[in-house]
Q: 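Submitted below is the structure of interest, expressed as structure tokens.
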Amino acid sequence: MLDIKFVRENVDAVKETLKKRGVELSFDGFLGSEQKRREILLEVEDLRNRRNVVSREVGALKKDGRDASAQMDEMKGVGEKIKALDEELKLHEQQMQDFLLNVPNMLNESVPVGADEDANIEIRKWGEPGEFDFKPLNHWDIGERHDIIDFERATKIAGSRFSLLKGAGARLERALMNFMLDHNTEAGYIEVFPPILVNREAMTGTGQLPKFEEDLFRVADSDFFLIPTAEVPVTNIHAGEILKEDQLPLYYTAYTPCFRREAGSHGKDTRGLIRQHQFNKVEMVKFTRPEDSFDELEKLTANAEDILQQLGLPYRTVVLCSGDIGFSASKTYDIEVWLPGQGKYREISSCSNFEDFQARRAGIRFKREGQKKTEFVHTLNGSGLAIGRTMVAILENFQQADGSVVIPEVLRPYMGMDQIG
RNA sequence: GGAGAGGUGGCAGAGUGGUUGAAUGCGGCGGUCUCGAAAACCGUUGUGCGUUUGCGCGUACCGGGGGUUCGAAUCCCCCCCUCUCCGCCA
């Protein structure tokens, strides 16, 4: 959420950002309503003040055993008046809130302007796509061949966009999970295991609600939602808290399953593990001081990249353009891993700085040493990494002519084997 | 699911209609003392919003919402949550 004062004083800049993002949003009534809100507030607080003063008088008079009926009569109608104004005020405040909750974050000036992912800019590349002297298979073919991924039975159990991992496949999933958590823990992240069902408030705090409810699974007859990413419960760990400056920066890492409706992606990635309703991910979340957040974004991204380097998977890093970046983010790097089966780079991690956008929604603040006033922290998060897609990358990149798949060195202690097949 | 208890400041814990933003203790911060520290003593210590160049002032907040009243942490109604016991259960 943007600061209402900021929006009031920077309407043109906000409109410019909306344009860059390709978002249509009407400001009609916003400024007038905001003006009106403050006028009413002034009036109603004045009335309250009067009531408080007179009521105190009444108390003093009665204590002395004197008559206070004149004062009491004077205040008779004031309560009603306050109530009426309060109602009007609430209406305006609700309008402000509804509006602000649907305004996306401002963009960092380094974000390239563009309509869609074609305008994203590659800023780094690591490793070279391997040469194969045979036609590399898709991961689903490899999975089938070794009987480690079973899509048919998963469909029977749940439906499309679900998968059943078996044997070395299930083992690889678990190995990746543990390897990533260990990696991040060594990098200074605190491991947590949060609830994966969260309430509406938490979803609003990180920005999934109210705008993107159709992307989420909601549990029937309750107001619980299945998390689409660990970002939601982990960022909300400190919702409504005031942290001390010396607690920052705060790093967390969490493995969780993630659940997404994929409502708008019919026909995309219908085969394989790339786009699932349920997938596993290890996530990193940071809480930082405002002045540190962009340095921390670089470090966060580097940390995610390091996982790919240790696994020996070629990747490139792109900075998302204004039309492709998410609602809550100020700046985002996507890390894309090379997939020989598809012959292209695919997103495997998304690392974002949200600045104070989520912190304002969720009420995550901190106080500087010796300072009285509180400030919003900056929040960041990034995948480290999406586990299913990492499995895809390993199967496709390390497949051999004989059909076997070589397990990366760093995973072998976790896998208990050197190769699959 | 059944029965009961309870939700007050960072924590513990008073407060049942009139300067109570809230006693007291602990913790935190500042100071006195000390070579230094501990102890002791003194002082200080919530957040949001509005307003003001600033000091400040005003207002709201004692789980949430509504009601009674000149006035509510205190009375009434509804809701939520937590805890204990029983039942069930990984």
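Values reported hereafter were calculated over all heavy atoms of this structure, with side chains retained and with hydrogens, waters and symmetry mates removed. Computed from a prediction, not measured in an experiment: that's the story for all the values here. Every chain is numbered from 1 and lettered A, B, ... according to where its sequence line falls, protein lines coming before strand lines.
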Q: What residues form a salt bridge (Lys or Arg N to Asp or Glu O under 4.0 Å) with A/Glu375, not counting sequence neighbours?
A: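 Expected list: A/Arg368.
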Q: Would you measure the distance from the C1' atom in B/A72 across to the matching atom in B/G65 and give it in whole Å?
A: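 Those two atoms are separated by 15 Å.
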Q: Using atom P in both nucleotides, what's the gap between B/G21 and B/G31 to the nearest angstrom?
A: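 The answer is 31 Å between these two P atoms.
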Q: If you measure from the C1' atom in B/U68 to the same atom in B/C85, how many Å do you get, rounded?
A: 37 Å
Q: How long is the line joining CD1 of A/Ile40 and C1' of B/U59, in whole Å?
A: 16 Å
Q: Does A/Tyr414 offer a backbone N or O that forms a donor-acceptor pair with the side chain of A/Asn178 under 3.5 Å?
A: no
Q: For the pair made of CG in A/Asp46 and P in B/G58, what is the distance, rounded to whole Å?
A: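 Atom CG in A/Asp46 sits about 12 Å away from atom P in B/G58.
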Q: Kindly write out the residues that satisfy salt bridge (Lys or Arg N to Asp or Glu O under 4.0 Å) with A/Arg260, not counting sequence neighbours, or none if the list is empty.
A: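 A/Arg260 satisfies salt bridge (Lys or Arg N to Asp or Glu O under 4.0 Å) with no other residue.
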Q: Which whole number of Å gives the distance between the P atom of B/C41 and that of B/G54?
A: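 Going atom to atom, P in each nucleotide, I get 41 Å.
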Q: Which residue pairs pass the ring-ring contact (aromatic ring centres under 6.0 Å, His included) test with at least one member in residues 186-210 of chain A, sequence neighbours excluded?
A: A/Tyr189-A/Tyr251
Q: Between A/Lys281 and A/Leu385, is there a donor-acceptor pair closer than 3.5 Å when you use the side chain of the first and the backbone of the second?
A: no
Q: Could you tell me the separation between the CD atom of A/Glu201 and the P atom of B/C81, rounded to a whole number of Å?
A: 13 Å
Q: Mind checking what makes ring-ring contact (aromatic ring centres under 6.0 Å, His included) contact with A/Phe354, not counting sequence neighbours?
A: none
Q: For a quick check, with a 4.0 angstrom heavy-atom cut-off, what is the B/S/- contact string for nucleotides 64-78 of chain B, read 5' to 3'?
A: --SSS-BS-------
Q: I'd like to know if the side chain of A/Asn303 pairs up with that of A/Asn184 as donor and acceptor (distance under 3.5 Å, no hydrogens or angles considered).
A: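 On atom types as modelled, these side chains qualify, holding a pair under 3.5 Å.
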Q: What pairs meet the ring-ring contact (aromatic ring centres under 6.0 Å, His included) rule with one or both residues in residues 32-59 of chain A, with sequence neighbours excluded?
A: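 For residues 32-59 of chain A, and leaving out neighbouring residues, there are no ring-ring contact (aromatic ring centres under 6.0 Å, His included) pairs at all.
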Q: CD of A/Glu241 versus P of B/G10: gap in Å, rounded?
A: 11 Å
Q: If we take the P atom in both B/A22 and B/U59, what is their distance in whole Å?
A: 14 Å
Q: Sequence neighbours excluded, which residues qualify as side-chain contact (heavy atoms from CB on, under 4.5 Å) partners of A/Asn10?
A: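 Once residues adjacent in sequence are excluded, the partners of A/Asn10 under the side-chain contact (heavy atoms from CB on, under 4.5 Å) criterion are A/Phe6, A/Ala13.
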Q: Can you check whether A/Asn49 has a side-chain N or O nearer than 4.0 Å to OP1 or OP2 of B/U59?
A: yes
Q: Polar-atom pairs under 3.5 Å, protein N or O versus N or O of nucleotides 44-54 of chain B: list them with distances, or write none.
A:
{"unit_1": "B/U47", "atom_1": "OP1", "unit_2": "A/Lys367", "atom_2": "NZ", "d": "2.2"}
{"unit_1": "B/U47", "atom_1": "O3'", "unit_2": "A/Arg365", "atom_2": "NH1", "d": "2.9"}
{"unit_1": "B/G48", "atom_1": "OP1", "unit_2": "A/Arg365", "atom_2": "NH1", "d": "3.0"}
{"unit_1": "B/G48", "atom_1": "OP1", "unit_2": "A/Thr374", "atom_2": "OG1", "d": "2.4"}

Q: Give me the stems containing RNA chain B, sorted by first residue, counting only three or more consecutive Watson-Crick or G-U pairs with both distances under 3.5 Å; say none if there aren't any.
A: B:1-7 with B:80-86, B:10-12 with B:24-26, B:27-32 with B:40-45, B:46-51 with B:56-61, B:63-67 with B:75-79
Q: To the nearest angstrom, how far is A/Glu245 atom CD from B/C29 atom P?
A: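 Interatomic distance, CD of A/Glu245 to P of B/C29: 15 Å.
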Q: Write down the distance separating the C1' atoms in B/U24 and B/U8, rounded off to the nearest Å.
A: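 These two C1' atoms come out 14 Å apart once rounded.
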Q: Got a sec, which residues hit salt bridge (Lys or Arg N to Asp or Glu O under 4.0 Å) with A/Glu409, two or more places apart in sequence or on another chain?
A: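 A/Glu409 satisfies salt bridge (Lys or Arg N to Asp or Glu O under 4.0 Å) with A/Arg412 only.
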Q: Tell me, please, which residues at least two apart from A/Tyr315 pass ring-ring contact (aromatic ring centres under 6.0 Å, His included).
A: A/Trp126
Q: For nucleotides B/A12 and B/G18, find the distance between their P atoms and express it as a whole number of Å.
A: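 Rounded to whole Å, the distance is 27 Å.
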Q: Taking atom P in both B/G30 and B/G7, compute the distance separating them and give it to the nearest angstrom.
A: 35 Å
Q: ring-ring contact (aromatic ring centres under 6.0 Å, His included) with A/Phe151: which residues, sequence neighbours excluded?
A: none
